[in-house]
Trainee: 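Just dropping this structure here.
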Amino acid sequence: MHKYETIIYWSDADQAFLAEVPELPGCIAHGDSPADALANVTQAIELWIATAEEFGDPVPQPKGERLMYA
């Protein structure tokens with residue numbers, strides 16, 4: 001499990017909970033509940049890292065500061 005900061009919040013525009021990983025630009029996922037959004041963003045993190053590695057892009061080390069629900 002990666003320890004990237006994850007921010008989870010409700011989006012009226014999307015009518016879903018969104019989970020964003022600020023340390024990984026563009027890494028975001030949604031779900032019907034905060035738990036669903038977190039599960040989905042965990043998969044998105046794996047894909048983000050795999051894609052960065054495939055193209056030789058740097059992968060930031062997680063700061064591991066916090067997990068935030070808003």
Side-chain angles (χ1 to χ4, degrees):
M1 176 178 189
H2 297 286
K3 297 185 186 212
Y4 289 101
E5 176 183 20
T6 302
I7 301 170
I8 299 173
Y9 59 93
W10 175 256
S11 169
D12 284 331
D14 297 303
Q15 289 296 296
F17 287 93
L18 300 183
E20 289 188 55
V21 183
E23 294 170 80
L24 305 177
C27 189
I28 187 169
H30 71 278
D32 293 330
S33 70
D36 289 340
L38 185 59
N40 292 337
V41 85
T42 299
Q43 292 178 350
I45 290 169
E46 295 295 331
L47 291 170
W48 195 101
I49 291 170
T51 301
E53 289 174 344
E54 179 181 342
F55 288 95
D57 295 332
V59 177
Q61 289 298 312
K63 295 176 185 173
E65 292 179 350
R66 63 187 169 177
L67 181 65
M68 177 190 295
Y69 294 92

Trainee: Between SG of Cys27 and CD of Gln43, what distance do you get to the nearest 0.5 Å?
Mentor: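 Nearest 0.5 Å value for the SG-CD distance: 11.0 Å.
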
Trainee: Please enumerate all residues that pass side chain to side chain contact (heavy atoms under 4.5 Å, CB included) together with Ala52, with sequence neighbours excluded.
Mentor: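 Ala52 satisfies side chain to side chain contact (heavy atoms under 4.5 Å, CB included) with Trp48, Asp57, Val59 once adjacent residues are dropped.
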
Trainee: Test of understanding: with side chain to side chain contact (heavy atoms under 4.5 Å, CB included), list the residues that count as partners of Gln61, not counting sequence neighbours.
Mentor: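 So Gln61 forms no side chain to side chain contact (heavy atoms under 4.5 Å, CB included) with any residue.
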
Trainee: In this structure, which one of Val21, Thr42, Leu24 forms a side chain to side chain contact (heavy atoms under 4.5 Å, CB included) with Thr6?
Mentor: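 Of the listed residues Val21, Thr42, Leu24, the side chain to side chain contact (heavy atoms under 4.5 Å, CB included) partner of Thr6 is Val21.
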
Trainee: If the condition is side chain to side chain donor-acceptor pair (under 3.5 Å), which residues does Thr51 pass it with, not counting sequence neighbours?
Mentor: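 Listed in chain order: nothing, the list is empty.
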
Trainee: I'd like to know if the side chain of Glu23 reaches the main chain of Glu5, judged simply by a donor and an acceptor atom lying under 3.5 Å from each other, with no hydrogens or angles considered.
Mentor: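 A pair under 3.5 Å: yes.
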
Trainee: Name every donor-acceptor pair, under 3.5 Å, that has one atom in a side chain of residues 32-39 and the other anywhere in the protein, sequence neighbours excluded.
Mentor:
| from | atom 1 | to | atom 2 | distance (Å) |
| --- | --- | --- | --- | --- |
| Ser33 | OG | Ala35 | N | 3.4 |
| Ser33 | OG | Asp36 | N | 3.1 |
| Ser33 | OG | Asp36 | OD2 | 3.4 |

Trainee: Minimum heavy-atom separation for Ile7 to Pro22, with atom names?
Mentor: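 Minimum heavy-atom separation between Ile7 and Pro22: CD1-CG, 3.8 Å.
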
Trainee: For the atom pair NZ (Lys63) and OH (Tyr4), what is the distance rounded to the nearest 0.5 Å?
Mentor: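 The NZ atom of Lys63 sits 11.0 Å away from the OH atom of Tyr4.
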
Trainee: List in chain and number order the residues that pass side chain to side chain contact (heavy atoms under 4.5 Å, CB included) with Ile28, two or more places apart in sequence or in another chain; answer none if no residue qualifies.
Mentor: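 Residues passing side chain to side chain contact (heavy atoms under 4.5 Å, CB included) with Ile28: Tyr9, Leu18, Glu20.
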
